[in-house]
2 protein chains.
Amino acid sequence: MDLLLTYDVDTTSPAGRRRLRRVAKHCEGHGLRVQKSVFEIVADEKTLLKLLHDLDQIIDSDTDSIRLYRLPTDGFNHVQTLGIAQIQPHREDLVL
Amino acid sequence: MDLLLTYDVDTTSPAGRRRLRRVAKHCEGHGLRVQKSVFEIVADEKTLLKLLHDLDQIIDSDTDSIRLYRLPTDGFNHVQTLGIAQIQPHREDLVL
């Protein structure tokens, strides 16, 4: 599945800034960071469940927010971009 | 179409902070702000083209980035959320 994960973490406290780093680090293990708080992730249901569970342990559910959108198949390749945004390669093309 | 618009604007300068406000304000005219720099937008192709054109006039294309994802039909209602994130109503339900 092609997934888009976006988050807002309250960084007004040192603890919040730590949570932000941990959320980003955890997402980096699962996909591509395409903007400061936006990740493109390719995952199956099982991996997704684990990812959401892990993130839920990291965030402060009273102040932080995570949203996870399911994109159509090949959704990453149809993103429209402005400015420095670029379409990121997810699946290495087969080099024959 | 259900669309997800995400952006990063370089706010290290006063001009950047002005651009950020203008991008957010412009997007508020087209959809729902669901996180600091994430908007859920329902638009047709023509409106979308105009929106992207307008945003392109606002941002600094050397430092800022805008990404626009097409979601499956009813994509907003299948978003998974953690923390304070909530599914936002887009189309008022018919009150019979």
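Quick note on labels: first sequence line is chain A, next is B, and so on, each numbered from 1.
A chain of hydrophobic side-chain contacts below 4.5 Å, direct or via other Ile, Leu, Val, Met, Phe, Trp or Tyr residues, connects A:M1 to A:L51. A:L49 and B:L82 fall into different hydrophobic clusters, where Ile, Leu, Val, Met, Phe, Trp and Tyr are joined by side-chain heavy atoms under 4.5 Å apart, directly or via other members.
At a 4.5 Å heavy-atom cutoff, B:L3 makes no contact with chain A through either its backbone or its side chain. Both the backbone and the side chain of A:L71 come within contact range of chain B, with heavy atoms under 4.5 Å apart. For a residue to count as touching a neighbouring chain, one of its non-hydrogen atoms must lie under 4.5 Å from one of that chain's; by this rule A:L5 does not touch chain B. When heavy atoms are compared at a cutoff of 4.5 Å, A:D56 approaches chain B by way of both its backbone and its side chain.
No donor-acceptor pair under 3.5 Å is formed between the side chain of A:D8 and the backbone N or O of B:Q35.
A:L4 pairs in a side-chain contact (heavy atoms from CB on, under 4.5 Å) with only one of the listed residues (B:V38, B:V79, B:L4), which is B:L4.
Side chains of A:T63 and B:I84 form no contact here, defined as non-hydrogen atoms less than 4.5 Å apart. Side-chain contact between A:Q80 and B:R67 is absent, with no heavy-atom pair separated by less than 4.5 Å. Put simply, the side chain of B:Y7 does not reach to within 4.5 Å of the side chain of A:K36, judged on heavy atoms. Counting heavy atoms from C-beta on, the side chains of A:T81 and B:L68 never come closer than 4.5 Å.
Remark: B:Y69 OH to A:D2 CG distance equals 10.0 Å, nearest 0.5 Å.
Residues B:S65 and A:A85 share a closest heavy-atom pair of CB-N, 3.5 Å.
Counting heavy-atom neighbours within 6.0 Å of B:Q86 CD, excluding the residue itself, gives a total of 12 or less.
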